[in-house]
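First up is the structure itself, then whatever we jot down about it.
When a residue number appears, it is its place in the shown sequence, counting from 1.
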Amino acid sequence: MSGENEKPALVYGEINDNQNVLDLEKITIMKYAVDSEDVRMEHKIGLQNSDDTNQTIKLYKRRWLIVLLFSSYSLCNSFQWIQYGIINNIFMKFYGVDSFTIDWMSMIYMLTYIPFIFPVTWLLDKKGLRVIALVATAMNCAGTWIKVTSVRPDLFAVTMFGQFCCSFAQVFILGMPSKIASVWFGSEEVSTACSIGVFGNQLGIAIGFLVPPILVPNGEDMDQLAYDISIMFYITAGVATLLFILVVMAFQERPELPPTQAQATARCIPPEQYSYTASILRLLRNKPFLLLILTYGLNVGCFYAVGTLLNRMIIEHYPGEELNAGRIGLTIVIAGMVGSLICGIWLDRTKTYKQTTLTVYLMSFVGMLVYAFTLSLGHLWVVFLTAGALGFFMTGYLPLGFEFGVELTYPECEGTSSGLLNCSAQVFGIMFTICQGKIIDNYGTLAGNIFLCVFLFIGSVLTGFIKSDLQRQKANQLAKAAVPADPEDGNISAPAVLDETRF
């Protein structure tokens with residue numbers, strides 16, 4: 001009978017609003033079973049009759065160049081976030097504005113992100129990583145050169161516009177580490193790669209804390225201040241221009257072959273069947289992810305407030321210590337970079353996403369509490385110590401949130417889930433910075449820091465309620481389990497994983 005050999009009809013590669021996010025993997029496994037003879041012949045998994053979806057997976061050495069290049073232009077952009085705030089009193093004097101106005105030079109990074117993140121993640125879905133990287137570096141480069149022209153006391157509006165351009169570039173940068181890690185890296189290194197991507201952003205903030213107080217020392221000579229500020233702006237513009245040229249020459253959209261089973265499956269979704277709006281709605285119906293959006297925003301929003309107001313807090317208790325304020329900020333971020341890398345390696349080895357996230361969150365709360373009560377003791381070495389402990393956990397949390405979000409939302413676009421997390425962080429960052437600034441003005445730094453401690457405690461409690469539903473890990477396990485046995489020896493033939501020795 002002709003019907004005996006017919007393959008069952010499958011709705012293949014489509015995810016609709018009513019399907020569970022693992023339906024695609026289940027359908028894929030059915031497809032494996034139907035096409036098992038072809039699989040055995042080729043010793044690789046064929047998802048569709050297309051080279052792009054062939055499930056031979058391969059790791060290219062070029063992946064390290066891509067993540068390094070991304071980290072570099074992320075560094076250049078994040079440096080500019082804090083370059084005004086860390087010498088708040090100097091820019092107040094030069095431009096003749098109040099401290100709250102200078103605070104907005106940092107908060108504009110947060111404000112710009114909120115309305116633009118959804119168009120940018122839509123563009124990422126439609127055009128891919130290379131277009132996003134080109135726009136990011138071009139806007140960042142333009143912003144730096146605009147600021148070069150603004151070094152006069154009557155041109156504050158120009159320097160604000162330049163900072164706006166850089167803040168717009170940040171929208172194309174902040175949510176990309178998890179996307180680049182998923183597109184380019186294997187399942188055993190994806191968390192480490194994400195940490196390296198976040199590492200660049202953190203290093204830029206660290207340099208932003210350290211370098212401006214060195215390049216622009218406090219003084220009364222306005223001409224000398226203008227010269228020092230212009231040197232800082234020219235250096236930044238030169239670096240941004242070089243990175244834009246390198247991205248044009250070397251940044252690649254994606255590897256020819258996917259690095260993981262999960263990424264191969266994701267490539268199977270036809271573009272015409274993907275709806276950005278439906279993806280957003282699915283994410284907003286994902287209860288564990290909604291909790292993560294809230295808790296991530298609380299934690300990172302506190303970090304943004306501490307970074308923006310650090311100069312004011314240190315100068316209040318240690319007058320004339322602008323340089324040490326920068327060094328304390330550097331300590332916070334360097335400790336956080338170490339924390340990020342350690343957490344990334346730990347996640348790759350253990351896959352304990354919720355346990356690690358909860359532990360780091362609780363320690364962020366403890367670190368903030370200790371920092372709050374030791375800031376006014378009169379010993380700078382104590383502040384360095386407590387700030388380092390705070391930074392290790394608070395900024396070390398950044399890649400954890402990204403990777404946990406990707407796990408909870410797979411197979412949705414990593415840029416979309418990261419964008420929602422960052423949007424929450426920007427909203428809370430603005431709220432916390434304004435509120436803490438007002439509390440410090442009226443009640444002192446201790447009250448302002450206790451204000452942040454309260455929200456870190458709330459975030460720790462809510463993190464405990466997040467259900468650890470690791471969809472991406474399930475997808476990889478299901479795909480590996482579906483590889484058919486070799487007809488000659490009966491063994492399960494693992495999918496080919498090649499690690500290129502060339503670019």
Side-chain angles (χ1 to χ4, degrees), residues 52 58-81 83 109 112-113 116-117 119-149 161-185 193-194 196-204 207-208 232-259 263 267 271 413-415 418-419 422 500 502-503:
D52 291 336
K58 183 180 294 186
L59 298 177
Y60 295 83
K61 282 197 171 182
R62 190 182 184 90
R63 68 193 187 277
W64 298 109
L65 172 65
I66 298 298
V67 75
L68 178 61
L69 194 53
F70 169 79
S71 292
S72 298
Y73 71 75
S74 177
L75 179 156
C76 182
N77 181 263
S78 61
F79 164 81
Q80 297 171 83
W81 167 60
Q83 71 177 156
Y109 264 60
T112 305
Y113 192 90
F116 289 112
I117 182 54
V120 169
T121 51
W122 175 85
L123 186 65
L124 173 65
D125 287 341
K126 296 298 181 182
K127 299 297 182 181
L129 282 171
R130 177 170 168 82
V131 170
I132 295 297
L134 288 171
V135 175
T137 50
M139 289 300 301
N140 192 55
C141 182
T144 60
W145 284 108
I146 290 170
K147 286 193 276 190
V148 165
T149 69
F161 179 64
Q163 187 76 340
F164 166 76
C165 291
C166 295
S167 71
F168 184 64
Q170 182 218 211
V171 186
F172 294 81
I173 295 172
L174 208 55
M176 293 305 105
S178 57
K179 178 70 173 179
I180 290 173
S182 293
V183 169
W184 280 93
F185 287 83
C194 183
I196 294 172
V198 174
F199 182 93
N201 183 273
Q202 293 173 320
L203 183 58
I207 296 172
M232 179 172 68
F233 286 166
Y234 269 115
I235 292 172
T236 310
V239 172
T241 303
L242 174 62
L243 289 170
F244 173 62
I245 294 170
L246 289 175
V247 166
V248 171
M249 294 174 59
F251 199 93
Q252 186 177 323
E253 169 65 30
R254 69 179 189 179
E256 182 180 352
L257 294 173
Q263 189 61 213
R267 289 190 183 188
C413 175
E414 296 86 352
S418 297
N422 280 318
E500 292 257 11
R502 58 178 176 80
F503 286 90

Note to self: Set out, in order, the CA-CA distance, both residues' side-chain angles and the distance that settles side chain to side chain contact (heavy atoms under 4.5 Å, CB included) for I117 and N422, then state yes or no.
What the structure shows: CA-CA 9 Å; I117 182 54; N422 280 318; 6.0 Å; no

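Between the OG1 atom in T144 and the CE atom in M139 there is a gap of 11.0 Å [rounded to 0.5 Å]. A distance of 4.0 Å separates NZ of K147 from CD of Q163, quoted to the nearest 0.5 Å. Taken to the nearest 0.5 Å, the OG1 atom of T137 stands 11.0 Å off from the CG atom of L242. Atom CD of Q170 and atom CG of N201 lie 7.5 Å apart (nearest 0.5 Å). Note that CD1 of I180 and CG of L69 are 9.0 Å apart. Values are rounded to the nearest 0.5 Å. The distance from atom CE of M249 to atom CZ of F244, rounded to the nearest 0.5 Å, is 12.0 Å.
Looking only at distances, no side-chain donor or acceptor of T112 sits under 3.5 Å from a matching main-chain atom of Y109. At distances below 3.5 Å, at least one donor-acceptor pair connects side-chain atoms of S78 with backbone N or O atoms of L75. R130 places a side-chain N or O within donor-acceptor distance of the main-chain N or O of V248, the cut-off being under 3.5 Å. Remark: side-chain polar atoms of S71 are paired, donor with acceptor, to backbone N or O of I196 under 3.5 angstrom. Checking side-chain atoms of S167 against main-chain N and O of F164 turns up a donor-acceptor pair under 3.5 Å.
The nearest pair of heavy atoms linking A240 to C141 is CB-CA, 3.9 Å. Contact record, I146 with C165: CD1-SG, 3.8 Å, taken as the closest heavy-atom pair. The two residues L174 and Y113 come nearest to each other via the heavy atoms CB-CE1, 3.8 Å. Across A193 and V67, no two heavy atoms sit closer than the pair O-CG2, 3.8 Å. Minimum interatomic distance between C76 and V239 (heavy atoms only, all atoms of both residues): SG-CG1, 4.2 Å.
Side-chain atoms of I66 and F251, non-hydrogen and from C-beta on, do get closer than 4.5 Å to each other. Between F172 and N140 the shortest side-chain heavy-atom distance does not fall below 4.5 Å. Put simply, the side chain of Q252 does not reach to within 4.5 Å of the side chain of L65, judged on heavy atoms.
Aromatic ring centroids of F70 and Y73 lie under 6.0 Å apart.
Within 6.0 Å of CH2 on W122 lie no more than 12 heavy atoms contributed by other residues, nucleotides or ligands.
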